[in-house]
Structure formats: C-alpha cells, structure tokens
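Structure, as structure tokens:
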Amino acid sequence: MKNNIRNHIEILRQNVFEINTKWPQFELLLKDAEELSQRKDINTVCGIERTLLYGGYSLFGPLFEGNSKNYFCVDSSPISADERGAYCKNRILHDDFIKKKMDIRQKIEELNLNRKFDLIIIPNLVHHVFDQNKLIKSCYELLNHKGKLYIFEPTLRELHQIPNDYLRWTPFGLNAIAESNNFNLICQKETGNAFDALRYSWYQAIEYLEKNDRSEIQNWLEKEHIPFIEKLEKKSQKSNQLRKFTRFPTAFSCLYEKL
C-alpha cells in the first residue's frame, strides 16, 4: 500500500501539478498533505476539492486513506464547471493513480454535512470562493474540538476557471479572517521566490502562442532561458536588497486549530 501511495503522489507531482517545470509551488502542498496524513491525532478528514476537473476523482483522498484515515471528499465545483467539463482528466489517466470518487457535491460557502471532522483541507481552492468569511464559519462548525483547518493558496496565478476566480490572499489576510472566526494559527509556510515567478510567467505566456511558435519558444526557454534564470537565482540573496519587509513567495500554506 505504501508503494501505491508513493506512486500516486508521483502522478500528482509529474502529471497533475507539473512540479518540475511550471508549478513548483505545489511541492509544498504535497509535502504538507503527506505530513498531515501521518498525524496520529487526525482520524477523520474532510477534503474540499474540485474533483469534476478530474472526472469526479479526489486527488488527496488516497494519501489519507492509505494511512488509515477516513477521508470524506466534498466536490465544491460551481454550476459553471459542468459546462467546462473534466478538461484535466487526461492528467490522471495512469494505472498508478488511485481512484477515489467524491462523496458529495455542495456549495463550498454553505457546507452542511451532518458530521464532524478532525481535519479539513482546502487545497488550492479558496481563491475560487466568493465569500471566505462564510467558508471559514462553515469549517468551524464541521470541526471537532481542537480540530484543524489546512489551507494552501497561490499568491501568483493567472485568471483561471473563469468566471469563478475571485482573489489572491496573502497569508496575513487569510490569518486575519481565520482569527476573527476563532481559529488559532499553528503553522504558516511559504514557498517560491521572484525567480520561480519568472519561470511560472514564461510557461504561462507561451500558452498564448500558436502551436508552431509555442514549440520553438519552449525549446529556447528550457535550453537557454531557464538555465539563465537559475544562474541568477544562485547569485540572489534571501532578502530584497532594496526594500526591507519585502518577499516574493508564489504560494503559502496555513494550519489552524479551532479554539
């Protein structure tokens, strides 16, 4: 079973999140999910995902169920997702992807599941929620005493899944919303830097080119430009050399505990 989980994670890493090229920030999400799935104080988990993108299958359920956790998958896809369809399904067409179907589909701001959980995870999804205050309140009601709420969010993304893309949080803004709803911040992590942002922006930019041009530019990008960016990155300092109190993460995660 452990090998099966590792293979499943590798499919997420290579096929779903393309961590080695345009979305390295998702490595943080995978590491966090693995750590949470192994915690002994967590037995019941609610994962809020957009499974319809992948044909109705959960990306993270297998990690928790492989570590003997009870994982309840809520699909929070809006009505507009029906029209878009499962356009990411080709990313999971591999024998090593463990298929776990969603359990229920509900509007994310108004979760009503008639059950309690030790942990709720919201991976890469809060920016698709119109009313974050309602969402955090719903999570509070669904958690057991001292239950945990985990949120992973990008700080840099193109507009996607239009029109259901509403905002980009900073960790400090999200913390303020969580704390106002009686959650205590346990752990905050950040990943990425300005050079990751450059790589990401280039990979996104070439998607706007015609196929022939796209192939040519991608070849140049990977053979010449990305190595140049990496060379600059090795010379860079950890902090902004011109402005204090400044940094450039491309994503962050926060783990909260219910008070």
Side-chain angles (χ1 to χ4, degrees), residues 1-39 42 45-77 81 84-103 105 108 117 119-128 148-158 160-161 165 187 189-192 196 199-200 203-204 207 222 249-255:
M1 177 60 76
K2 294 294 183 184
N3 287 337
N4 290 343
I5 297 172
R6 293 247 50 90
N7 292 341
H8 178 86
I9 292 172
E10 198 57 28
I11 294 302
L12 298 184
R13 179 176 285 112
Q14 301 296 337
N15 296 10
V16 175
F17 297 124
E18 299 182 62
I19 283 172
N20 292 334
T21 53
K22 60 181 175 180
W23 291 319
Q25 62 266 36
F26 285 103
E27 186 67 42
L28 174 61
L29 172 56
L30 291 182
K31 287 182 177 178
D32 285 346
E34 283 190 85
E35 290 176 8
L36 290 168
S37 73
Q38 294 167 9
R39 287 184 57 149
I42 293 172
V45 183
C46 176
I48 302 175
E49 303 184 46
R50 286 204 161 178
T51 68
L52 294 193
L53 289 170
Y54 306 95
Y57 293 107
S58 166
L59 300 181
F60 298 94
L63 278 69
F64 289 90
E65 293 189 344
N67 284 287
S68 301
K69 313 299 183 187
N70 186 337
Y71 188 92
F72 189 84
C73 182
V74 178
D75 180 273
S76 63
S77 302
R84 289 193 293 267
Y87 62 86
C88 289
K89 190 175 182 180
N90 64 312
R91 294 174 179 265
I92 64 168
L93 296 179
H94 195 288
D95 291 341
D96 288 331
F97 182 85
I98 302 172
K99 292 183 177 179
K100 174 188 168 49
K101 277 283 190 179
M102 67 173 176
D103 292 288
R105 183 178 178 183
I108 191 170
F117 302 94
L119 169 70
I120 295 174
I121 69 166
I122 310 178
N124 193 41
L125 191 60
V126 170
H127 53 283
H128 291 300
K148 308 297 189 295
L149 171 62
Y150 171 84
I151 295 175
F152 172 91
E153 276 293 290
T155 58
L156 178 69
R157 284 294 304 269
E158 77 283 18
H160 59 288
Q161 298 182 32
D165 189 357
C187 181
K189 300 177 185 177
E190 296 177 5
T191 187
D196 283 329
R199 280 185 286 262
Y200 167 77
Y203 276 109
Q204 293 306 122
E207 293 183 3
E222 294 177 349
T250 53
F252 68 92
S253 66
C254 292
L255 182 64

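Here Asp96 pairs with nothing under the salt bridge (charged side-chain N to carboxylate O under 4.0 Å, His left out) rule; sequence neighbours left out. For the ring-ring contact (aromatic ring centres under 6.0 Å, His included) test, residues two or more places apart in sequence or in another chain that qualify with Phe97 are His8. Applying the ring-ring contact (aromatic ring centres under 6.0 Å, His included) criterion to Tyr71, with sequence neighbours excluded, gives Phe64. By the salt bridge (charged side-chain N to carboxylate O under 4.0 Å, His left out) test, Lys189 pairs with Asp32, Glu35, sequence neighbours left out. For Lys100, the salt bridge (charged side-chain N to carboxylate O under 4.0 Å, His left out) partners are Glu65, Asp103, not counting sequence neighbours.
Put simply, the side chain of Ser76 reaches to within 4.5 Å of the side chain of Leu125, judged on heavy atoms. Residues His94 and Asn7 form no side-chain contact, since every pair of their non-hydrogen atoms from C-beta on lies 4.5 Å or further apart. When side chains are defined from C-beta on, Met102 does not count as touching Ser58, because their heavy atoms never get closer than 4.5 Å. Counting heavy atoms from C-beta on, the side chains of Asn15 and Leu93 never come closer than 4.5 Å. In this structure, Cys46 and Val74 have side chains that are in contact, with non-hydrogen atoms separated by less than 4.5 Å.
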Criterion side chain to side chain donor-acceptor pair (under 3.5 Å) on Asn124 and Glu153, from CA distance to verdict: CA-CA 5 Å; Asn124 193 41; Glu153 276 293 290; over 6 Å; no

Begin from the C-alpha positions of Glu34 and Arg6 and carry the test salt bridge (Lys or Arg N to Asp or Glu O under 4.0 Å) through to its verdict. CA-CA 10 Å; Glu34 283 190 85; Arg6 293 247 50 90; 2.7 Å; yes

I would like to know whether Val45 and Phe117 meet side-chain contact (heavy atoms from CB on, under 4.5 Å); could you show each step before the answer? CA-CA 6 Å; Val45 183; Phe117 302 94; 5.7 Å; no

Please lay out, stage by stage, how Ile48 and Ile121 fare under the test side-chain contact (heavy atoms from CB on, under 4.5 Å). CA-CA 6 Å; Ile48 302 175; Ile121 69 166; over 6 Å; no

Are Ile120 and Lys148 close enough, and set up right, to give a side-chain contact (heavy atoms from CB on, under 4.5 Å), and what steps lead you there? CA-CA 6 Å; Ile120 295 174; Lys148 308 297 189 295; over 6 Å; no

Residue pair Leu63, Leu12: steps toward the side-chain contact (heavy atoms from CB on, under 4.5 Å) verdict: CA-CA 11 Å; Leu63 278 69; Leu12 298 184; 4.2 Å; yes

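One finds the OG1 atom of Thr51 at 7.5 Å from the NZ atom of Lys101 (value rounded to the nearest 0.5 Å). If you take SG on Cys187 and OH on Tyr150, they are separated by 9.0 Å, rounding to the nearest 0.5 Å. The NE2 atom of His127 sits 11.0 Å away from atom OG1 of Thr155, with the distance rounded to the nearest 0.5 Å. Of the inter-residue distances, the one linking Phe60 atom CZ with Phe152 atom CZ reads 8.5 Å to the nearest 0.5 angstrom. Rounding to the nearest 0.5 angstrom, the gap separating the NZ atom in Lys89 from the OH atom in Tyr54 is 13.5 Å. Interatomic distance, Ile98 CD1 to Ile9 CD1, rounded to the nearest 0.5 Å: 8.5 Å.
A side-chain donor-acceptor contact under 3.5 Å links Lys69 to the backbone of Ile42. Of the possible polar contacts, one joining the Asp75 side chain to the Leu52 backbone as a donor-acceptor pair under 3.5 Å is found. Judged by distance alone, the side chain of Glu49 and the main-chain N or O of Leu59 form a donor-acceptor pair under 3.5 Å. A donor-acceptor pair under 3.5 Å is absent between the side-chain atoms of His128 and the main chain of Val126, judged by distance alone.
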What donor-acceptor contacts under 3.5 angstrom involve side-chain atoms of residues 22-31, with partners at least two apart or in another chain?
from, atom 1, to, atom 2, distance (Å)
Lys22, NZ, Glu207, OE2, 2.5
Glu27, OE1, Arg13, NE, 3.0
Glu27, OE2, Arg13, NH2, 2.8

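A donor-acceptor pair shorter than 3.5 Å cannot be found between the side chains of Arg157 and Gln204. Inspection of the Thr250 and Asp196 side chains reveals no N or O donor paired with an N or O acceptor under 3.5 Å.
Residues Ala86 and Gly55 come closest through the heavy atom pair CB-N, 3.6 Å.
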